[in-house]
Student: 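Here you go, one structure.
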Number of protein chains: 2
Amino acid sequence: MSRKPTTGSEPSGSSTSGSSAAVASQRVADHLRAAILSGELRPGARIMQEQVAAQLGASRLPVREALRILAAEGLTVVKSNSGAWVSRMDMAECEGVYKIRERLEPLALSESVPNLTPEQVAELETIARQIELTADVDRFLALDRRLHLLTYAGCRVAQITTMVDRFWNTTQHYRRAFARLAGDSGWELIHAEHRLIIEAIKRADTVDAERFLTGHIRRTRLELAQHPELFTEDDHDSDHAAD
Amino acid sequence: MSRKPTTGSEPSGSSTSGSSAAVASQRVADHLRAAILSGELRPGARIMQEQVAAQLGASRLPVREALRILAAEGLTVVKSNSGAWVSRMDMAECEGVYKIRERLEPLALSESVPNLTPEQVAELETIARQIELTADVDRFLALDRRLHLLTYAGCRVAQITTMVDRFWNTTQHYRRAFARLAGDSGWELIHAEHRLIIEAIKRADTVDAERFLTGHIRRTRLELAQHPELFTEDDHDSDHAAD
DNA sequence: GTCGCAGCGAATGGATCCATAGCCAATACC
DNA sequence: GGTATTGGCTATGGATCCATTCGCTGCGAC
């Protein structure tokens, strides 16, 4: 149906806008991305083109392009004449992503720190406090994501922030699974790391900020390596797509 | 039985040089990627869907998907209801990519060094010698690319090598422009850095290898920053796509 | 003379239709 | 009774056709 496209003055909706994108491909991609990140579509879940098309009231063509876009982002895999699935990582791949993040995010942080406003720094502390008071896993995930991405908000290099966002997206599901089995001592360490990172940011000390952030990611990677069971959960079909 | 098709949709495939991808989208993407990397399509050049479609004997649909793929790789930009162009970087963006490479490629190298075979190391030295004997810019570019990517050949983490490949692709044109105006002393430094990197690789010393590689990329970035004229060359249309 | 608006053309985005390649199951043969 | 082959079904890939939108050009008004 010809839904009035609202003629967005500036299309340029560069990812994660979530709202009405001018082009259907982006809208479908945003929808699927949100579904994957929220856990509604789990790794390994089959994505049927016409099912998604019918659900969103579009034809299969935008869905196809959206699947290409998401595949390029690493969120889906598309096999010729076979179908599309939500990307599933094995432990080695996930460790690889963490190794990349270990190098990349400190760079993002260094590029960001000099440009952070006092208001943003204050918000960092607020979020950190909220995280320490949070017991709910989903809320922790959302806050943790907001915290870290906010520390990178001053990064002027779009390439870096784009990549950082992508890796946070591709590992979202495994972070959720990982957060579920963290013990109290694990939370304490995370809180300590967050405090140290924020304190270094307040001092505009990029060296220390990088150091603590590297340690934060590295420690998470090493912990992750001790839980291979996170990657063995067979998801088989799950076409019901509900949780 | 033995008919194993295995026409895997390998994104950013290692250039099978035959351009015989099973799916047309990939074939078109490979063709356009090669055209961009070879310099046939320069940054800022307009890419017309039906022109490419006619040239490759396909319909516009695979071309559209190919443009999405290349856009995700950073090689093209697509504007809604407007068209597609070869990505053009300003100096800040190019510096950003170099900053990323400065962090990422040492990681790729560290992951690769323990897995490099003696034959590969020997080939590294051969390529380095060839580079030192080369005066031709295009030949230098090809050899330099082969050299560095070969140093990363042992990296088992596909995510890393994929990204490294992508960044080498997106900066290919600027590397070419940059190489054209390098003086003799510049070449000497490059050769020295290559020798040091390879020597460290031979010793399986990942720390030194990372150190020299970081310096290599960083120095290139700083040199690049002194040549803003590389990014001001207006290319306007260039639909003839010849050089 | 310059700015603005309207109309036209061309290129892209989207939808529908057809061909093809896997996958599964049923059947026939060993 | 088991296995292999074949046939049908389904979902994706590709092509063509239509709608939309952006840009350009020409004309008119200030």
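Values below: all heavy atoms of this structure, side chains included; hydrogens, waters and symmetry mates excluded. Letters A, B, ... mirror the listed sequences (proteins, then strands); counts begin at 1.
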Student: Which residues pass the salt bridge (Lys or Arg N to Asp or Glu O under 4.0 Å) test with A/Glu50, not counting sequence neighbours?
Tutor: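 In terms of salt bridge (Lys or Arg N to Asp or Glu O under 4.0 Å), with neighbours along the sequence ignored, A/Glu50 is linked to no residue.
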Student: Between the protein and nucleotides 11-17 of chain D, list the N/O to N/O atom pairs that are separated by less than 3.5 angstrom.
Tutor:
unit_1	atom_1	unit_2	atom_2	d
D/dG13	OP2	A/Gln49	NE2	3.4
D/dG13	N7	A/Arg60	NH2	3.0
D/dG14	OP1	B/Ala24	N	2.7
D/dG14	N7	A/Arg64	NH1	2.9
D/dG14	N7	A/Arg64	NH2	3.4
D/dA15	OP2	B/Ser59	N	3.0
D/dA15	OP2	B/Ser59	OG	3.1

Student: Not counting sequence neighbours, which residues clear salt bridge (Lys or Arg N to Asp or Glu O under 4.0 Å) with B/Glu65? List them please.
Tutor: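 Residues passing salt bridge (Lys or Arg N to Asp or Glu O under 4.0 Å) with B/Glu65: A/Arg64, A/Arg68.
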Student: Distance only, no hydrogens: is a donor on one side chain within 3.5 Å (strictly under) of an acceptor on the other, for A/Asn115 and A/Arg156?
Tutor: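 Note: A/Asn115 and A/Arg156 side chains meet the donor-acceptor criterion.
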Student: Salt bridge (Lys or Arg N to Asp or Glu O under 4.0 Å) with A/Glu123: which residues, sequence neighbours excluded?
Tutor: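 Salt bridge (Lys or Arg N to Asp or Glu O under 4.0 Å) check on A/Glu123 returns A/Arg146.
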Student: Do B/Arg175's NZ or CZ and the ring of B/Phe178 fall within the cation-pi criteria of under 6.0 Å and 45°?
Tutor: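 Output no; distance or angle outside limits.
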Student: Pull out every protein N or O sitting under 3.5 Å from an N or O of nucleotides 6-8 of chain C, one pair per line with the distance.
Tutor:
none

Student: What residues, two or more places apart in sequence or in another chain, satisfy side chain to side chain contact (heavy atoms under 4.5 Å, CB included) together with B/Asp90?
Tutor: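 B/Asp90 satisfies side chain to side chain contact (heavy atoms under 4.5 Å, CB included) with B/Ala92, B/Glu93 once adjacent residues are dropped.
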Student: Can a salt bridge be assigned to the pair A/Asp30 and A/Arg27 using a cut-off of 4.0 Å between side-chain N and carboxylate O?
Tutor: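 Answer for the salt bridge query: no.
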